[in-house]
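Read through the structure below, which is laid out as structure tokens, and then see the notes.
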Amino acid sequence: KQEVTQIPAALSVPEGENLVLNCSFTDSAIYNLQWFRQDPGKGLTSLLLIQSSQREQTSGRLNASLDKSSGRSTLYIAASQPGDSATYLCASPNVGSGGGADGLTFGKGTHLIIQP
Amino acid sequence: DAGVTQSPTHLIKTRGQQVTLRCSPKSGHDTVSWYQQALGQGPQFIFQYYEEEERQRGNFPDRFSGHQFPNYSSELNVNALLLGDSALYLCASSLGGYPNTGELFFGEGSRLTVL
């Protein structure tokens, strides 16, 4: 069963810095990996989806990479802003016993604070 | 374009009661999944519905059941509530059924408190 780990658990940086959030997974036979943002008490907002055939995806100041061989994905946030403060979660579908995709397995998230 | 909508947003129940949560998927989506998120944890997969049938299920007891309607909306039912069922319940929709490898879009969740 897929296991997902996120490091660090929490991160506080001053506004304007570039930063990297890390996500590792145990099963390299993934279909895709998705990054989400969650504000306190709210639902999840999809940020980026990387298919297994891709190495990276970009959206605005966000760039996500995927390295299946090492079981790692990174989310790069450029020129951080206070509005980026949130919990960032990565997730990947389980590969079911029949080879099909199961529900997403999530990491516990990285709680990010951007200081003004 | 309406996103995923969930109701109610908050509710309080007592142990032993039953609860029903509702979800309308994003326009054009046909697959609904439910997740439970305890405080400080990542969401845990409960089950997935496609074509009005439960297609996949996570490690949750039979007290958790669901339904999908012909208009793709879905309900999550939890019977015999326990204190440990207190959590944020999230609904996600996607397109393409099972195996589902598409992008998931989540609602704002239903916060359940069991006293």
Side-chain angles (χ1 to χ4, degrees), chain A residues 1-7 9-10 21 23-25 27 29-54 57 59 64 66 86-111, chain B residues 3-7 9-10 21 23-26 29 31-50 54-60 64 66 76 87-113:
Chain A
K1 185 177 185 280
Q2 183 75 276
E3 294 181 11
V4 178
T5 304
Q6 291 188 248
I7 295 173
L21 307 182
C23 171
S24 61
F25 46 91
D27 188 348
I30 62 171
Y31 290 97
N32 59 49
L33 189 134
Q34 197 166 354
W35 282 92
F36 297 90
R37 168 189 171 133
Q38 186 173 34
D39 294 293
K42 300 293 187 181
L44 276 64
T45 299
S46 177
L47 298 174
L48 290 164
L49 171 71
I50 311 176
Q51 299 292 351
S52 62
S53 59
Q54 299 174 316
Q57 280 282 351
S59 176
L66 177 64
T87 296
Y88 290 80
L89 296 145
C90 66
S92 184
N94 285 306
V95 178
S97 57
D102 236 329
L104 294 181
T105 293
F106 282 83
K108 291 185 178 181
T110 294
H111 181 54
Chain B
V4 179
T5 59
Q6 293 187 241
S7 64
T9 55
H10 296 83
L21 308 178
C23 172
S24 292
K26 181 178 170 68
H29 283 185
T31 305
V32 173
S33 303
W34 287 92
Y35 289 79
Q36 179 195 67
Q37 187 178 26
L39 205 59
Q41 303 294 314
Q44 299 287 317
F45 174 66
I46 303 175
F47 42 53
Q48 177 193 82
Y49 276 84
Y50 172 67
E54 183 183 297
R55 298 293 177 167
Q56 289 296 309
R57 189 179 184 93
N59 188 27
F60 279 81
F64 290 78
L76 165 64
L88 181 66
Y89 288 85
L90 295 162
C91 172
S93 76
S94 56
L95 181 63
Y98 179 81
N100 190 281
T101 60
E103 187 174 8
L104 265 66
F105 294 85
F106 283 79
E108 290 296 319
S110 294
R111 170 73 64 186
L112 171 65
T113 301

Closest non-hydrogen atom pair, A/S46 against B/E103: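 Looks like OG-OE2, 2.6 Å.
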
Main-chain N/O of B/L104 paired with A/Q34 side-chain donor or acceptor, under 3.5 Å: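 Flag set: sc A/Q34 to bb B/L104 pair under 3.5 Å.
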
Segment of B/Q37 engaging chain A (4.5 angstrom heavy-atom cut-off): side chain

CD-NZ distance between B/E108 and A/K42, expressed to the nearest 0.5 angstrom: 5.5 Å

A/Q38 atom CD: more than 12 heavy-atom contacts under 6.0 Å: yes

Set of residues satisfying side-chain hydrogen bond (donor to acceptor under 3.5 Å, both in side chains) with respect to A/E3, sequence neighbours excluded: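 A/E3 satisfies side-chain hydrogen bond (donor to acceptor under 3.5 Å, both in side chains) with no residue once adjacent residues are dropped.
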
Contact check, side chains of A/L104 and B/P43, non-hydrogen atoms, under 4.5 Å: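 No. Closest side-chain heavy atoms not under 4.5 Å.
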
Contacting region of A/Q6 [heavy-atom separation from chain B under 4.5 Å]: neither

Heavy-atom proximity to chain B below 4.5 Å, by part of A/L44: both

Worked verdict on B/Y35 versus A/F106 for ring pair (Phe, Tyr, Trp, His ring centres under 6.0 Å): CA-CA 10 Å; B/Y35 289 79; A/F106 282 83; 5.8 Å; yes

